[in-house]
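By convention in this document, chain letters (A, B, ...) are assigned in the order of the sequence lines, proteins followed by strands, and residues within each chain are numbered from 1.
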2 protein chains.
Amino acid sequence: MASRSYGQYCGVTTAVELIGERWALLIVRDLLVGPRRYTDLKQGLPRIPTNILSTRLKELQESGVVRRVPLMHCGLVYELTDYGRMLEPIVLALGRWGFQAMGDPGADDVVTADSLTMALRTAFQPDVAAALPTLHCEVHVGDVVLRVLVDDGVLRIWQLAPAGRPVDPRDAAPRPVAEPELVFAAGPGIRRLISGELTPGAAIDSGVLHVVSGDATLLDRFADLFHIDESLTPSLAA
Amino acid sequence: MASRSYGQYCGVTTAVELIGERWALLIVRDLLVGPRRYTDLKQGLPRIPTNILSTRLKELQESGVVRRVPLMHCGLVYELTDYGRMLEPIVLALGRWGFQAMGDPGADDVVTADSLTMALRTAFQPDVAAALPTLHCEVHVGDVVLRVLVDDGVLRIWQLAPAGRPVDPRDAAPRPVAEPELVFAAGPGIRRLISGELTPGAAIDSGVLHVVSGDATLLDRFADLFHIDESLTPSLAA
DNA sequence: CCGGATCCGAATCGATACTG
DNA sequence: CAGTATCGATTCGGATCCGG
């Protein structure tokens, strides 16, 4: 029934009808990192009820935002269509906008691999990167481990298996063989480093962050490369 | 209770918690056109239940997106804060994205003044405008009347009172005194003109659009100025 | 008319359990 | 692994009502 329609003939309204339902945009966010299985999505969205996940995936397929792709070996993955991938700059801009309203983490808030990956993409400063030498580092937040490579102005992020879990087979991209120049661990307070509230030094001193190995001075470069200025209008340059 | 929280510490999640509830982004869309009274919003969102409107306005105020401003003479208006206004490029980008998925209008879909105003902003091509002479025209869709002025690469839109209704007093901006060079009326099918599916000539021939007065050849300029390329990645340049 | 508040049935969401 | 089924808790939608 059309009772749940907004009843307007308008682009914004249509967009909201496609991706405005609860959880939908978070599913898109995770799929922007890469194709994901049903179970991956469920893990990356720990509080999503499974029936809602399945409903949303069905709706997103009907809207042409998501596609269901059977895997040759086993199982299947969901991935964004070209149309769905067009949401990337919008999701990144929303991430920057929301970043400024993030308070301190709630008691049971988690940081997932996909959300942290997108957060780093959100905060990435391509112009700065173009003018800076390569940076290869490893970031630990909770039990999420990310390998971050900034080279020639381009950002690449790999998700490393946290503990005993084997590396995801679908992640066929060549992994960085070289050792990272810097490995550091942080809590959610890493947000204060990215916002500029804390300098790398202050972050270490306050216990928000600690260097596991490598050259600690590279943290300055990291802070320059990943930064969200609180008062900046959310640039949406694709 | 935090049961309705998404349970993630992430910018996108925070954004969705602020403006992801039903109707919230449409309220923001209308407020991007200008400050609005409670009753204006209710009229511009014909299907919104009044309790939902009041709840959303309260939530948006708590989030610092919307502000409630008492008017000197009478009544009060809601307006976006600076933080709320930062959503403009995001809403415009969403409008472009959703535009491509708009089918034909539903039987009871309406076109409101604010949604059409934002749709034109969404479709506006500043680069084209910079290279083209001034255009001053009047657009009728349903009983919405918009005066559109493109001058020196800048777009300005005034909403004209459709019928007997007096002009809104808060709309203190200087209105265009000169007569428009072109007045035309269209149905929702104007979407096909903006998407490029129809040329101005074809739009007239198919009855989607008809010129009320003025120079019909200016429709070509209009179509150049307001265009959404279906296959274009949604540029978010602020 | 403006700016809501209240009430109630319908639809959705959240949590858990269960299945091919 | 990839979902369905079920059921109580919330929210939404529609209508009415109310004080200025």
Legend entry - Below 4.0 Å: OP1/OP2 of dG14(C) and any side-chain N or O of Tyr6(B): no
Inset, instruction - Kindly indicate whether the side chain of Cys10(B), heavy atoms from C-beta on, has any atom under 4.5 Å from the side chain of Met118(A). - result: no
Legend entry - Geometric cation-pi criterion Arg191(A) and Phe99(A), 6.0 Å radius, 45° cone: yes
Inset, instruction - Evaluate the side-chain proximity of Trp23(B) to Pro49(B): yes if any heavy-atom separation is below 4.5 Å, no if none is. - result: yes
Inset, instruction - Rounded off to whole Å, could you give me the CD-to-P distance for the Gln43(B) and dG4(C) pair? - result: 16 Å
Inset, instruction - Please state whether the phosphate of dG3(C), meaning OP1 or OP2, lies under 4.0 angstrom from any side-chain nitrogen or oxygen of Thr39(B). - result: yes
Legend entry - Minimum-distance nucleotide to Ser54(A) side chain [options: dG4(C), dT4(D), dC1(D)]: dT4(D)
Legend entry - Protein-nucleotide distance (Ile52(A), atom CD1; dT11(D), atom P), rounded to Å: 14 Å
Legend entry - Within residues 16-25 of chain A: residues closer than 4.0 Å to DNA chain C (heavy atoms): Glu21(A), Arg22(A), Trp23(A)
Inset, instruction - Provide, to the nearest angstrom, the distance between the CD1 atom belonging to Ile27(B) and the C1' atom belonging to dG4(C). - result: 14 Å
Inset, instruction - Mind calculating the distance between CD (Glu59(B)) and C1' (dT10(D)) to the nearest angstrom? - result: 13 Å
Inset, instruction - Let me know the distance between CG of Leu53(B) and P of dG14(D), rounded to the nearest Å. - result: 14 Å
Legend entry - Check: Gly44(A) main-chain N/O paired with Gln8(B) side-chain donor or acceptor under 3.5 Å: yes
Inset, instruction - Check whether any side-chain N or O of Arg56(B) sits under 3.5 Å from a backbone N or O of Arg22(B) as a donor-acceptor pair, and report yes or no. - result: yes
Inset, instruction - State, yes or no, whether a side-chain contact exists between Leu32(A) and Leu80(A) at a heavy-atom distance under 4.5 Å. - result: yes
Inset, instruction - Report yes or no: is the cationic atom of Arg67(B) (NZ for Lys, CZ for Arg) under 6.0 Å from the centre of the six-membered ring of Tyr78(B), at an angle within 45° of the ring normal? - result: no
Inset, instruction - Would you kindly give the CZ-to-C1' distance between Arg36(B) and dC2(C), to the nearest whole Å? - result: 16 Å
Legend entry - Interatomic distance where CG belongs to Leu57(B) and C1' belongs to dG3(C) [whole Å]: 11 Å
Inset, instruction - Could you check which of dC1(D), dC2(C), dG4(C) has an atom nearest any side-chain atom of Arg37(A)? - result: dC1(D)
Legend entry - Polar side-chain atom of Thr117(B) near backbone of Ala113(B) as donor-acceptor pair, under 3.5 Å: yes
Inset, instruction - Using only side-chain N and O atoms of Lys58(B), determine if any of them is under 4.0 Å from OP1 or OP2 of dA5(C). - result: yes
Inset, instruction - Name the closest nucleotide to the Arg56(B) side chain, picking from dC13(C), dC12(D), dC1(D). - result: dC12(D)
Inset, instruction - Quick one: label Leu76(A) by what it contacts on the DNA or RNA (base, sugar-phosphate, nothing), any heavy atom closer than 4.0 Å. - result: sugar-phosphate
Inset, instruction - Would you kindly give the CG-to-P distance between Asp108(A) and dG14(C), to the nearest whole Å? - result: 15 Å
Inset, instruction - Between protein and nucleotides 15-20 of chain C, map the contacts as a letter string: B base, S sugar-phosphate only, - none, heavy atoms under 4.0 Å, written 5' to 3'. - result: BB----
Inset, instruction - Examine dA2(D): is either OP1 or OP2 under 4.0 Å from a nitrogen or oxygen in the side chain of Arg68(A)? Give yes or no. - result: no
Legend entry - Heavy-atom check, side chain of Asp114(B) versus side chain of Leu45(B), under 4.5 Å: no
Inset, instruction - Considering only NZ, NE, NH1 and NH2 on the basic side and carboxylate oxygens on the acidic side, decide whether Asp229(B) and Arg96(B) come within less than 4.0 Å. - result: no
